[in-house]
Amino acid sequence: MAGTYRVTVEPLGKEVECAEDQPILEACLRAGVWLPHSCTHGTCGTCKAEVLDGDVDHGAASSFALLDFERDEGKALLCCAMPRSDVTIEGDVDAEEGVVFHPVRDFVGTVTVLEDVAVDTRRLVLELDQEIDFNPGQYVQVTVPGKDVVRTYSIASPPSQRNSIELHIRRTPGGLASDGWIFATLAEGDRVNLAGPYGNFFLREEREEPAVLIAGGTGLAPMKSMIRHVLEGDCDRTITLYQGARTVDHLYDQEFFTALAERHPDRFVYRPCLSEEDREGYLAGTVLDVLDRDKPTLSGHVGYLCGPPAMVEAAMRVLMGKRLFPRDIYREDFLDEA
Ligand code: FES
């Protein structure tokens, strides 16, 4: 059985028990101690922290996200680092004002919906054995049965729906989880293990500026959760969703968002964009082409971006060119996981 060490999180002075084979971030999130993180697998660098005392095993930390000199200086990626003694870390623990974070927990879900919604894209709905709390935009880790691996999927349903979660899965040819399981053998009635919620990408409730949401591929999922959450409430915040795909066969949920826009004409605008097909009822071009034509400036807005890293990077440049500052932009680089 794995030994257990004590992790002290400064400047909070909080103590957390952490098994020697458990990433420090995981132990903290499960104990209700919030630390910034995004990918949870050692590539984004968001969870970088100072190890003030004690020894850690750096695990699978990427040498790009944690440079050699940073290791030498005593830094670690907490989503990978496992304790080898009692450890004291100093994290960027300033929780954002007004944000309530929910501890990570384990869940078991039963598949109630499994349907193809677009080319190589499936919707998966899991009925949970216990209720889940999360912020709209966060994700869960799903365990691939029989393998010692997890895959991360954003929750597309709103937090008000606590008994079941909707996930959007894109197929990667040869992928262990998508091609080898979700698009192959998974069936309604199957039981699925998952944990969550994780992630820094979520709706900032306190920001009441008009929001521009830009989604590519299954980067739509967290946006759908945020939009449903906002429209269920009675605040008068306005949202514009730019949803991008190559052709109409790659786009999904357009009937859902069109109906929502008709129901909330003052609060929600839907802009479905096709980059490789001209079709009536859709806008021609990439999401960024269409945004560029729509909005000469975005001053006074807040932006949320989720999609393939190249799209997110290009969108950052466009938004900043339209007078948004980095502090006004929230992003999730969304690698469709194999
Ligand atoms: Fe991305 Fe740790 S490196 S959360």
Side-chain angles (χ1 to χ4, degrees), residues 7 9-10 12 16 18-52 54-84 87-96 99 101-105 134-135 137-143 148-155 177 194-202 204 218-219 221-222 304-310 312-313 316 326 329-338:
V7 174
V9 181
E10 298 293 4
L12 300 174
V16 170
C18 185
E20 65 182 358
D21 58 355
Q22 182 181 33
I24 291 172
L25 176 72
E26 182 75 17
C28 291
L29 295 180
R30 284 178 181 271
V33 177
W34 171 261
L35 291 166
H37 64 282
S38 182
C39 70
T40 58
H41 50 248
T43 55
C44 73
T46 310
C47 63
K48 198 175 294 173
E50 195 90 34
V51 181
L52 299 177
D55 297 318
V56 300
D57 178 331
H58 289 281
S62 132
S63 52
F64 298 105
L66 183 68
L67 303 173
D68 287 347
F69 81 88
E70 293 178 306
R71 283 181 200 226
D72 296 344
E73 284 176 3
K75 294 206 168 53
L77 299 181
L78 299 182
C79 68
C80 298
M82 292 163 285
R84 290 294 170 263
V87 169
T88 301
I89 58 152
E90 184 169 59
D92 181 10
V93 293
D94 290 338
E96 297 174 65
V99 176
F101 293 104
H102 306 284
V104 167
R105 289 186 294 145
F134 59 97
N135 295 327
Q138 288 193 291
Y139 67 82
V140 290
Q141 290 185 344
V142 173
T143 303
D148 191 20
V149 295
V150 296
R151 292 289 185 261
T152 62
Y153 300 110
S154 293
I155 304 171
L194 59 134
Y198 293 94
N200 269 23
F201 183 72
F202 52 83
R204 273 31 185 206
T218 51
Y304 293 87
L305 316 176
C306 186
V312 171
E313 208 46 59
M316 279 297 288
I329 304 172
Y330 301 94
R331 64 185 277 178
E332 183 95 297
D333 292 62
F334 211 77
L335 291 166
D336 283 309
E337 292 214 283

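Atoms within a ligand are numbered from 1 in the order they appear, just like the ligands themselves. This one's a predicted model, so the numbers in the text were calculated from it and none came from an experiment.
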- Item | Phe101-Phe134 aromatic ring centre distance below 6.0 Å | no
- Task: Under the side chain to side chain contact (heavy atoms under 4.5 Å, CB included) rule, what do Arg331 and Tyr304 come out as? Steps first, then yes or no, please.
- Result: CA-CA 6 Å; Arg331 64 185 277 178; Tyr304 293 87; over 6 Å; no
- Message: Taking ring pair (Phe, Tyr, Trp, His ring centres under 6.0 Å) as the definition, give me every residue that meets it alongside Phe201, ordered by chain and number, with sequence neighbours left out.
- Response: none
- Message: Given a heavy-atom cut-off of 4.0 Å, could you list the residues near ligand 1 in chain and number order?
- Response: His37, Ser38, Cys39, Thr40, Gly42, Thr43, Cys44, Gly45, Cys47, Cys79
- Message: side-chain hydrogen bond (donor to acceptor under 3.5 Å, both in side chains), that's the test. Do Thr218 and Tyr153 meet it? Break it down for me.
- Response: CA-CA 9 Å; Thr218 51; Tyr153 300 110; over 6 Å; no
Run the side-chain donor-acceptor check on residues 71-78: report pairs under 3.5 Å with partners two or more places apart or on a different chain.
unit_1, atom_1, unit_2, atom_2, d
Arg71, NH2, Ala61, O, 3.4

- Message: Cys18: which residues meet the side-chain contact (heavy atoms from CB on, under 4.5 Å) condition with it, sequence neighbours left out?
- Response: Val7, Gln22, Ile24, Ala27, Pro83
